[in-house]
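Numbering starts at 1 and runs along the sequence shown. Whatever order the structure lists them in is the order used to number ligands and atoms, beginning at 1.
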Amino acid sequence: MTVSDVRKRYLDFFTKRGHTVIPSAPIVPENDPTTLFTSSGMQPLVPYLLGQPHPAGTRLADSQMSFRAEDIEEVGDNRHTTFFEMLGNWSLGDYFKREQLSWLFEYLTSGAEGLGLDPQRLYVTVFDGDKESGMNADTESVEIWKGLFSEKGIEAKLVELGTEERGNEAGMQNGRIFSYGARKNWWSRAGVPSRMPTGEIGGPDSEVFYDFGLPHDERFGKECHPNCDCGRFIEIGNSVFMQFIKNADGTFGELPKRNVDFGGGLERLAAATRDNPDVFLIDVFDAARGILEDRSGKSYADPSAIRSFRIILDHLRAASFMLASGIRPGNSEQAYVLRRLIRRSIREADRLGIKEAVLAEVAEGFGAAYAEAYPFVRAEANLIREELEKEEAQFRKTLTHGLRELEKMGADIDAFTLFTTYGFPVELTEEIAGERGVKLDRQAVQVKMEEHQARSRAGAAQKFAGGLADHAEQTVRYHTAHHLLLKALQMVLGPGVHQRGSNITSERLRIDFSYEAKMTPVQIAEVENIVNGKIAEALPIIRTVMNKGDAEKLGAEHEFGATYPEQVSVYSIGPKDAADGDPRFTEAFSLEFCGGPHVRNTRELGAGGKHFKIIKEEASSAGIRRIKAVLE
Ligand code: ATP
Ligand code: MG
């Protein structure tokens, strides 16, 4: 089946069973400054799983665009991609285990309405209890699965494994249902039951695996079992049963309203319908794969080329969705992830022997592949082509020079010089060093980079082609304006205001901060006046490196939830006569943990007669406001 068939059948199947289909949330979360990307179907629904009523009702289904930057190193095997779609269905206090497992099984096996998979190829896992917290095994799910397999004439034996290690020893034992402990088959936001705080909800889950029938690979353990990573079994979906709440005394109570959360990998399900475990062979990659084969003269099946093929296919699909979603390649946050995807694709194309621009051509086909489900990708075809061409033209030169130098360095790879002289990204050097078994001293590189950034700050206009330090002058000004703004907000709205997220481009700054109410026009004007006043005062900005503890004692502002190293850099703004090396912290107007860079003096923000202006103040999420501001 095609990806479209699998998706459509899923949504139709659950619509027929009383579900409302909701649209995929954007790939960049709208109301969650703590994460860069939407990485599962559950993520945008968390508020509803925690009790808020959903406007579309108690039975929901969707296909969610998901991106997992943390899987970037996994791309290259047959089943991981950074971008994928997660099929999801939810019961919000409505149906529970029996309906969920029956429907899922029917969807997977029915030829008429579902995927028509052979039930003999399906294996399932369940929760087998947790001694530490006294949580019982999920025997209900075991009974339901037994019944479902039995209807297909399959006797489903339960094999209790507990851990992966045990599975590697004990193996299949003719089992169909396999039970594992809390590390594998328990869901909560905090992890295993004993780690959950009071009031947190959680519950057992049950995964479904497809048996691709490959021989077991003993490098992954003596024996095979569903959770073995050898590639025979691939997880295609997971049903989470949110059933319990943790009491203050450490015991668990049943939730009055129990939820179901199901997430299944669309690409992997499509691969199962083809009975081929390689997700890169599904239809959505066909056009792109063909172009790469033509341009490289190599076959996808060539073992020395397949990893490069897969990385390019994955990364350019992800990049197309990101570009069409409004992300542009750049140097921070989502923008940098996008840039990294593009650059990695260029490097892999180079390895395939493709020495001329190829990215835009390869990405062309994704618009058509997703024309029905995500028409916005095709609608942005021109933009995607232009951005890819631009990045490729820039980075090809860097890559050629950098690789040449890297070859000359032999085993003494100097990541710092490669970066400062050729703009060669440090993490790319690390990857290449890793492939060659050369060890890089990460710490040393980091320290040098820090020093380098501090020096380059002195001349804010200084630029390094394509490198991390490539902040446009205007972006640097906005960084400094951001600090002034946060302090001004605290002065006007109260000391309880703290930063909850930020995003800075060369066009504007954006800050999310904790505050309950909408700001009044008077408050907004007051904040603007304070910031403009500090710009007019021409205050110096001073960077000091100090112990994290010392900085905290000084009351330096830092971002909620962020983790900082032992040595941090702190930026202070003012007083007027403070000097480098003599920062006069106690009299500073603003003091923040920050990596920089910043301007040297607040007067640079007013250059050319510019003023600080708040252009938007709005709710971002419960208790969080968002401001967009410009210097104009
Ligand atoms: P895996 O162990 O294979 O990485 P996971 O435990 O991270 O999977 P979940 O977080 O449970 O997976 O996600 C739900 C479903 O999404 C999985 O059953 C799988 O089908 C799919 N999935 C997860 N990660 C990826 C990925 N990187 N590429 C493609 N599909 C994925
Ligand atoms: Mg994973």
- Item | Minimum non-hydrogen distance to atom 8 (O) of ligand 1, winning option of Arg79, Glu235, Met42 | Glu235
- Hey, is Asp138 close enough to Lys97 for a salt bridge, meaning N to O under 4.0 Å? yes
- Under 4.0 Å from ligand 1, counting heavy atoms only, is it the side chain of Asp71, its backbone, both or neither? side chain
- Message: Parallel, tilted or perpendicular, judged at 30° and 60°: which one describes the rings of Tyr180 and His225?
- Response: tilted
- Message: Taking 4.0 Å as the limit for heavy-atom contacts, which would you say applies to Ile234 with ligand 1: side chain only, backbone only, both, or neither?
- Response: neither
- Hey, is ligand 1 close enough to Arg268 that some N/O pair sits below 3.5 Å? yes
- Which of parallel (below 30°), tilted (30 to 60°) and perpendicular (above 60°) describes Phe96 and Phe241? perpendicular
- Does Arg351 pair with Glu348 as a salt bridge, N-O distance under 4.0 Å? yes
- Message: Please list, in number order, the atoms of ligand 1 under 4.0 Å from a heavy atom of Ile236.
- Response: 18 (O), 20 (O)
- Task: Decide whether the shortest distance between a heavy atom of Gly237 and an atom of ligand 1 is less than 4.0 Å.
- Result: yes
- Message: Below a 4.0 angstrom heavy-atom separation, can you tell me which part of Glu207, side chain or backbone, both or neither, approaches ligand 1?
- Response: neither
- Task: May I ask whether Glu267 places a heavy atom under 4.0 Å from ligand 1?
- Result: no
- Message: Here's a test for you: under salt bridge (charged side-chain N to carboxylate O under 4.0 Å, His left out), which of Arg176, Arg121, Arg232 qualifies with Asp211?
- Response: Arg232
- Query: In terms of side-chain geometry, is the basic nitrogen of Glu113 or Lys16 positioned less than 4.0 Å from the acidic oxygen of its partner?
  - Reply: yes
- So, are Arg289 and Asp286 salt-bridged, with charged N and O less than 4.0 Å apart? yes
- Task: Would you check whether Phe84 has a nitrogen or oxygen atom less than 3.5 angstrom from a nitrogen or oxygen atom of ligand 1?
- Result: no
